[in-house]
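Structure incoming, see below.
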Amino acid sequence: MLLLGLDTSTRRVGIVLANERGMIGRVELGGTADTTPPRHAETLAPAIAWCCERCGVELTQVSAIAVGIGPGMFSGLRVGVTTAKVLAQSLRVPVIPIPSLDLLAYPLRYSRRLVVATIDARRHELYWAIYLQVPGGVQRVSEYELGTPDDLVAELEARGEDALVCGDGSLRFADAFVPLGSRVELAGPAHASPSLSALAELALARYEREEFCAPSEVLPMYLRQSDAELAWNRKGR
Amino acid sequence: MVVSRVRVLGIETSCDETAAAVVDDGRQVRSSVVASQADLHARYGGVVPEIASRAHVELICDVIEQALVEAGSSLHELDAVAAVRGPGLAGALLVGVSAAKAISLASRLPYVAVHHHEAHLYAAMIEDPQLEPPLVTLIVSGGHTLLIAMDGHGRYRVLGETVDDAAGEAFDKVARFLGLGYPGGPAIDRLAREGDPEAIRFPRPMRAEGHDFSFSGLKTAVVQYVRKHPEADVADVAASFQAAVVDVLVDKLLAAARETGIDTVVAGGGVAANSVLRERLLDLAVAGEVRVVLPSVALCTDNAAMVAAVGAYRLAADGPTPLEAPVVPNLRLV
Ligand SMILES: [Zn+2]
């Protein structure tokens, strides 16, 4: 079985090819230190072609397509999720959608602390979710949230446990965590983007359990309504 | 110019229609599927870009699948996949372009990026398969008001455009002001049938001044009139406003034909679905002043058949577009 995985929930464009024995290859372009505008729409399709070519595989050999569905940068998610859906539909294979926050938390599953995954939501906000170590992985112990760095700090204060915070949201708002002192550690640039090896590993396990979706059903996880809807709902109340 | 033995899948997501179509040889429509989002945007009185972008992601797979099924065609029987790369809403364009690139990757088909306005020009070629340039085309919709001379395939001159509101935007704004709902064009068209187009003499902005358009002042004139005459019959207001817009559009199109010496005129875009504009253009043809090619309403409003049509010509003329090519929300025709 051959799996193609994509994640474009952050500035980083990520592509991974894997089979049941592990990773075959991956491409990562763009990142937190890149100050040029993100170019998901220009980068993703050619990079998929290049990755397949260099790994000596054909897209027609792919059995399933995994995709990080966010939350994250809306334009990136539109490109990644649309590409995954339409590729899967064209190849007549299923899609395995996985929240991008889960992909950040999974590589930190050996920590006994709370694992807090964050993604920069712009407008001085971040998306986050909180996880706990369980045998073989992590278990999410919060909702997928959207809020200010102060909201997250207050949440961690209330929980009163040691925490390991990862993702580009925590890098962007590193100063906000200072008041929590030594109880909170930031995981740093190595854990800034949703992990592609986690995407492959989690998706392969779900593929085995046949936990997948028809391409047309797969949608980004936005967590934030459009401004027009927000204004409408405020007016309606 | 004839393109033959080419089957193209077209994808259009530049505004609030999610559309896919299969067209043979740039002229024969095998299928054309349009999922309108008008209902989603109605409460906001206009297209909300973020809502449109999200709806495209939801609809894109089903629309493409339906276009292929209705065409009786598999991906393997296609020769290219075309999508609009601009102008349009950035988030919306990303969906159609990403979908087209994905199909190109999966099926090893050439990808062809096309211009939305150029697609509107080629709607006329579908309507009249013998049609060849030179043509003068009026493209009028909620997003654009353009007068274009098409001297040959791929050879265009933009003669005029709006200096403020698009024609369709004026319909939407006046309809909203009159409480007629969204989209405004069909609402005004319907109500105007019960009104007198000569009841109120609204201005015909820039009617005899060059090829550019201006509709903002006309909209203001309608607002001022209704504020001053609250007793005015809404149907008369709608009919008189519509008459003013149509007068300007028809005069400008005729003047452009005379000045360029081109005797075939074409209309496209959502406003070209307006019944009075269509009658007036057909009258011109009957009077023998110009030859008029008026695409069916389904080909005037945004659709993907026109995208597939122009895709066939662009592929023949320029070859495939690289997958690195970006979307260009403010893309110009020339
Ligand atoms: Zn249009």
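What you are looking at is a predicted structure, and each value in this text was computed from that prediction instead of being measured. No hydrogens, no waters, no symmetry mates; every other heavy atom, side chains included, goes into these values. Just so we're on the same page: letters track the sequence lines, and every chain starts at 1.
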Got a list of side-chain donor-acceptor pairs under 3.5 Å for residues 89-98 of chain A, not counting sequence neighbours?
from	atom 1	to	atom 2	distance (Å)
Gln89(A)	NE2	Cys61(B)	O	3.3
Ser90(A)	OG	Val86(A)	O	2.7

Exercise for the section: Name the region of Val79(A), side chain, backbone, both or neither, that has any atom closer than 4.5 Å to a heavy atom of chain B. Expected result: both
Practice task
Would you please go through residues 42-56 of chain B and name the residues with a non-hydrogen atom below 4.5 Å from one of chain A, in numerical order?
Solution key: Arg43(B), Tyr44(B), Val48(B), Glu50(B), Ile51(B), Ser53(B), Arg54(B)
Handout entry: Rounded distance [0.5 Å steps], CD1 in Ile60(B) versus OG in Ser216(A)
Key = 12.0 Å
Handout entry: Check: Leu44(A) main-chain N/O paired with Lys101(B) side-chain donor or acceptor under 3.5 Å
Key = no
Problem - Within 6.0 angstrom of Arg209(A) CZ, more than 12 heavy atoms from elsewhere - result: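 More than 12 heavy atoms, drawn from other residues, nucleotides or ligands, come within 6.0 Å of this atom.
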Fill in the blank from the handout: Applied to residues 80-99 of chain B, the salt bridge (charged side-chain N to carboxylate O under 4.0 Å, His left out) test, sequence neighbours excluded, yields none
Problem - Per-residue contact mode, Ala325(B) against chain A (heavy atom under 4.5 angstrom) - result: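 Backbone only.
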Problem - Heavy-atom closest pair, residues Ala106(B) and Thr60(A) - result: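 In terms of heavy atoms, the two residues are closest at O-CG2, 4.3 Å.
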Handout entry: Interface moiety of Leu105(B) toward chain A, non-hydrogen atoms closer than 4.5 Å
Key = both
Exercise for the section: Sort Leu87(A) into side chain, backbone, both or neither according to what part of it lies under 4.5 angstrom from a heavy atom of chain B. Expected result: both
Handout entry: Distance-minimising heavy-atom pair for Lys85(A) and Val57(B)
Key =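 Minimum heavy-atom contact is NZ-O, 2.9 Å.
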Problem - Interchain contact, Glu229(A) with chain B, by part (heavy-atom threshold 4.5 Å) - result: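 Both backbone and side chain.
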Handout entry: Exercise: identify the closest heavy-atom pair between Thr82(A) and Ala99(B)
Key =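 That would be CG2-N, 3.8 Å.
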Exercise for the section: Determine which pairs satisfy salt bridge (charged side-chain N to carboxylate O under 4.0 Å, His left out) with at least one residue from residues 5-14 of chain B, sequence neighbours left out, and list them in order. Expected result: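 For residues 5-14 of chain B: Arg7(B)-Asp24(B).
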Exercise for the section: Enter the distance from Leu94(B):CG to Leu77(A):CG here, rounded to the nearest 0.5 Å. Expected result: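 With rounding to 0.5 Å, CG (Leu94(B)) is 11.0 Å from CG (Leu77(A)).
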